[in-house]
Amino acid sequence: MKKILTAVAMVAALAISGCGDSSDTSTPAAGASSASGVSGNLTVLAAASLTESFNKIGKDFETANPNVKVTFSYGGSSGLAQQITSGAPADVFASASPATMKTVTDAGDANGEATVFVKNQLVVAVTKGNPKGIRTLADLTEPGLKVALCAEQVPCGAAARKALAAANVKVTPVTLEQDVKAALSKVKLGEVDAALVYRTDAKAATADVDGIEFPESSGAINDYPIVTLKSAPNPSAAAAFVAYVQSGPALDVLVEAGFQKP
Amino acid sequence: MPPALAIPAIAGLVFLVLPLFGLLWRAPWSTLPERLTEPGILAALRLSLLTATLATAVSLVLGVPLAWLLARTEFPGRRFVRALVTVPLVLPPVVGGVALLLVFGRRGLLGGWLDATFGVSLPFTTAGVVAAEAFVAMPFLVISVEGALRGADARYEEAASTLGATRWTAFRRVTLPLIAPGVAAGAVLCWARALGEFGATITFAGNFPGRTQTMPLAVYLALEQDLDAAIVLSLVLLVVSIGILAALRDKWVAP
C-alpha cells in the first residue's frame, strides 16, 4: 500500500510539474504581437467529418492571426449540439446537418441564423482494392457481406437512410456506429466489407480504403452550416474564424478534401 | 466525530449522490409511462442483463482458477503475471476494445483462424459483447478472489491433504467454501462493472439494437438526439442495478 501511495505521489508531482512547464513555454507565444485585431483562445466544435480540413484551416487561421490559439473538438454533430445546449463553453459550431444546427439555433444559443459553407455527399467506403467487387448500393445487400452504417441519430446515418430509401435498397448492417469516423475505422480494420461514409472521409483515408461513388447519393446531400455561439468567450475571434472559413483559401482546402461549394 | 473527517466525508457523499439527484430532477416524469414501454428500452435492458450475467459466468469459470494460481502457487514471474492480470483495470476500455479487435477481429491474430476453422466471428455479435465485458470485468473478480484466498488459512488445505484429499478435492471441498463470500463479492463487482461497460463494447462489438446495443450504448446514442430518452434509459439502468445489487447483498455478501 505504501509503495502504491509513493507511486501515486510521484505521478502527481510529475503531472503538476508538467503543467507548469507547458504554461511557461506558452506564455511568450501568447504575448507575441500581430497585425490583426483578434487574439486569445478560440474553441471550435466541429463535425467529425471536418477533422482533416479544419485542422489545416485552423493552422492557416493561426498563421494569419498569430495571437489566436484555435482548439478544435470534433465529434458526432448531434452530441456536440447537445453539449452546446447544455452550456459547454465554445465559440463556433460547425455541424454536418442543418437539422442538428437547428437544435442549437432554436435553443437560442447561436448568433442569428447559421450559414451553409460546404456540402458533402456519401460514398461506399470499401477495403483498399475493393476485393468484394462492390459497384453499386444494391451490391451491399449481398448475403455474407458485412456493412457498417452510422446510427440514424447522427447526420451521416440520416443521410445513409435517405440514400438507401432513394435507391430502394434494404441493407442489413452489422453495426450502427456512433459517428462517421467510427464507421470508417471498421472498414480500415477490415471488420466490415463496406460502410456508407462521406466522400471526404473516404478521401482522407485513401491509404486504407477506396471510395465508390453512387448516383443515389445526390438525393442525400448534406449541407454543413456554421455559426458563432451566443455564449462565446471570444466573440471577435469567433466572427473572424467563421468569415475565414468562407474565404477563398479555406474553401480551396475544403474542396480539395472532397467537399462541394454550397 | 472530528470535523477534519466529517466535513470531507459529507462533501464526498454529496459529490457522489448529487448527480443521481440531477437525473431524478430532470427526468420527464409526465411522459415516463409511455417512454418506458418503447420496445427499444426493453430489448437493450434484456441484452444488458443477459450479457453481464454471461460475462460474470465466464469470469467465474476462468477467473477463480486464475486467482488460485496467483495466490496458492509459486512460479517464476508470478508477480509479473499478477500485474498483467490487472492491466485491463487501468486500460481505457476503448483501448481494450481495439486490442480485442486486433486479436479476435477478422484480420486479427486469432480471429482469422477462428473464422476459417470454426466459422466463429466475435465482432458485431452478442458473444462479442460478452467477451468485451468479461475482458474489462474479470480482473475485479480475480483480485477479489485472490485477496480472499490469501486471507484464508492454507493449513486447512494442508490438513485435508494429510487426510488423503487430492489438491483438486481440497480446493473443491475445503478452499471454495472458505472463500465463498470473497467469490460472491467479486462476482457482484464483476457483474456491476460488466453492466456499465461501454467503451470496449462499442469498439469491439459495435452497436446494433437487440444484438449488441446494451443499455450504456443506448444511453449514449439517445443522448445524440433526445436528452429525455437518455435520462429515462439511465433511470431504468439505475433502478434495475440498485435493485439487483441490494438483493444480492442481503443474500450473499453480508458486510
Side-chain angles (χ1 to χ4, degrees), chain A residues 3-4 7-8 11 47-48 75-87 95-97 99-100 102-103 107 127-128 131 144-158 171-183 185-193 195 208, chain B residues 22 26 40 44 79 83 86 89-90 94 97-109 111-112 115 119 121-126 128-129 132 147 198-199 201-214 216-231 233:
Chain A
K3 263 188 199 160
I4 294 173
V8 168
V11 169
S77 299
S78 325
L80 296 174
Q82 195 77 61
Q83 288 174 21
I84 292 165
T85 52
S86 304
S95 161
S97 87
T100 324
K102 199 166 172 294
T103 62
T127 316
K128 192 80 192 163
L145 201 73
K146 290 189 175 175
V147 179
L149 298 179
C150 294
E152 59 184 85
Q153 287 93 333
V154 291
C156 64
V171 171
T172 311
V174 291
T175 178
L176 300 166
E177 294 291 311
Q178 74 269 33
D179 67 34
V180 64
K181 295 293 183 195
S185 72
K186 291 291 194 292
V187 182
K188 283 190 193 172
L189 283 164
E191 292 306 326
V192 298
D193 301 301
D208 303 304
Chain B
R26 185 62 178 73
R79 296 175 78 112
T86 55
L89 283 180
V90 290
V94 176
V98 173
L100 284 171
L101 273 182
L102 296 181
V103 174
F104 295 109
R106 269 204 308 190
R107 287 196 209 147
L109 212 55
D115 198 8
S121 175
L122 284 179
F124 313 122
T125 62
T126 306
V129 178
F198 171 77
T201 310
I202 200 164
T203 316
F204 180 59
N207 168 61
F208 198 84
R211 196 181 327 136
T212 59
Q213 190 183 70
T214 56
L217 271 59
V219 170
Y220 179 77
L221 277 154
L223 209 48
E224 296 271 333
Q225 212 170 39
D226 183 355
L227 182 61
D228 283 351
I231 293 173
L233 284 165

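Convention: sequence-line order gives letters A, B, ...; per-chain numbering from 1.
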Does a side-chain N-to-carboxylate-O contact under 4.0 Å join A/Glu177 and A/Lys186? yes

Which bit of B/Leu217 is near chain A, if near means a heavy-atom gap under 4.5 Å: side chain, backbone, both or neither? neither

Should A/Val180 and A/Val154 count as side-chain neighbours, where that means a heavy-atom distance under 4.5 Å? no

Looking at side-chain heavy atoms only, is the closest gap between B/Phe124 and A/Val192 below 4.5 Å? yes

Using non-hydrogen atoms only, which part of A/Asp193 is less than 4.5 Å away from chain B: side chain, backbone, both, or neither? both

Who among A/Ala182, A/Ala151, A/Pro173, A/Ala81 has the most heavy-atom pairs with chain B under 4.5 Å? A/Pro173

Most contact-rich option vs chain B, by heavy-atom pairs under 4.5 angstrom, among A/Ser77, A/Gly76, A/Ser78, is A/Ser78

Non-hydrogen side-chain atoms of A/Thr100 and A/Pro155 separated by less than 4.5 Å: yes

Is chain B contacted by the side chain of A/Gln82, its backbone, both, or neither, given a heavy-atom distance below 4.5 Å? side chain

For a 4.5 angstrom cut-off between non-hydrogen side-chain atoms, does B/Leu221 reach B/Gln213? yes

With only heavy atoms counted, which part of B/Ser121 is less than 4.5 Å from chain A, the side chain, the backbone, both or neither? side chain

